[in-house]
Trainee: 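Take this structure first; my questions come after.
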Amino acid sequence: MKIALANDHGGLDLKPTVLEVLRARQIEVCDFGTFTTDSCDYPVFAQKAADAVASGECELGILICGTGVGISLAANKVKGIRCVCCSEPYSAAMSRRHNNANMLAIGARVLGTEAARLIVETWLDNQFEGDRHQRRVDLITAIENGEKLY
Ligand code: RB5
């Protein structure tokens with residue numbers, strides 16, 4: 001499995017924790033930066049990682065910014081991306097099981113390292129359940145394709 005990783009300057013501090021989790025699982029990482037604390041624009045990094053997931057180059061993606069909010073909003077503008085911004089493990093699990101989230105966003109200014117570790121591990125440990133949830137995910141895709149659902 002290959003995971004796309006990206007962050008802005010606000011997310012940099014949490015990147016070592018995420019890398020530790022991924023390396024412990026021998027997951028290959030495509031790190032799209034940023035690599036310094038210089039102020040940068042999170043949409044640029046969100047798009048790099050999201051494009052890698054949308055194209056199939058990476059199976060899943062993890063994003064980090066100050067809150068996880070901006071970088072998730074940006075990633076969700078890329079066709080095919082279902083990015084969840086999470087600050088607790090229950091939503092992380094359900095975003096995989098019910099929503100087939102293919103990207104996770106977390107906030108370095110919101111979470112401590114142990115909470116972040118648990119969220120990332122939980123997100124990786126859960127799988128999409130399909131069935132009725134597939135229909136709903138397909139409807140999300142239909143909205144993305146400009147269809148009216150009502
Ligand atoms: C950067 O200061 C901060 O705005 C960014 O990391 C993120 O929290 C945006 O949603």
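All values below come from the heavy atoms of this structure, side chains included, with hydrogens, waters and symmetry mates left out. Both ligands and their constituent atoms are indexed starting at 1 by order of listing.
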Trainee: Out of all atoms in ligand 1, which are within 4.0 Å of some heavy atom of His9? Include the element for each.
Mentor: 1 (C), 2 (O)
Trainee: Distance under 4.0 Å to a non-hydrogen atom of Arg109: what atoms of ligand 1 satisfy this?
Mentor: 1 (C), 2 (O), 3 (C)
Trainee: With a cut-off of 4.0 Å, which atoms of ligand 1 are near a heavy atom of Asp8?
Mentor: 1 (C), 5 (C), 6 (O)
Trainee: Does Glu57 reach the side chain of Cys30, with side-chain heavy atoms less than 4.5 Å apart?
Mentor: yes
Trainee: Looking at atom 4 (O) of ligand 1, is any protein heavy atom nearer than 4.0 Å to it?
Mentor: no
Trainee: Identify, by atom number and element, the atoms of ligand 1 in contact range of Cys65, meaning under 4.0 Å from any of its heavy atoms.
Mentor: 6 (O), 7 (C), 8 (O), 9 (C), 10 (O)
Trainee: Tell me whether Lys79 at atom NZ has more than 12 heavy atoms from other residues, nucleotides or ligands lying less than 6.0 Å away.
Mentor: yes
Trainee: Is the number of heavy atoms from other residues, nucleotides or ligands within 6.0 Å of CZ (Arg25) greater than 12?
Mentor: yes
Trainee: Just wondering, do Ile3 and Ile62 contact through their side chains at under 4.5 Å, heavy atoms?
Mentor: yes
Trainee: Which ligand 1 atoms, with their elements, are less than 4.0 angstrom from a heavy-atom of Gly66?
Mentor: 5 (C), 6 (O), 7 (C), 8 (O)
Trainee: In terms of hydrophobic clustering (I, L, V, M, F, W, Y; side-chain heavy atoms under 4.5 Å; direct or indirect links), are Tyr42 and Ile64 co-clustered?
Mentor: no
Trainee: Provide, to 0.1 Å, the distance between atom 8 (O) of ligand 1 and the closest protein heavy atom, together with that atom's residue and name.
Mentor: Thr67 N, 3.0 Å
Trainee: Flag yes if Val120 and Trp123 sit in one hydrophobic cluster, no otherwise; membership is Ile, Leu, Val, Met, Phe, Trp, Tyr, and two members link when side-chain heavy atoms are under 4.5 Å apart.
Mentor: yes
Trainee: Do NZ/NE/NH1/NH2 and the carboxylate oxygens of Arg96 and Asp125 come within less than 4.0 Å?
Mentor: no
Trainee: How far is atom 9 (C) of ligand 1 from its nearest protein heavy atom, and which residue and atom name does that atom have?
Mentor: Tyr42 CE2, 3.5 Å
Trainee: What's the shortest distance from atom 10 (O) of ligand 1 to any protein heavy atom, and which residue and atom give it?
Mentor: Gly70 N, 2.9 Å
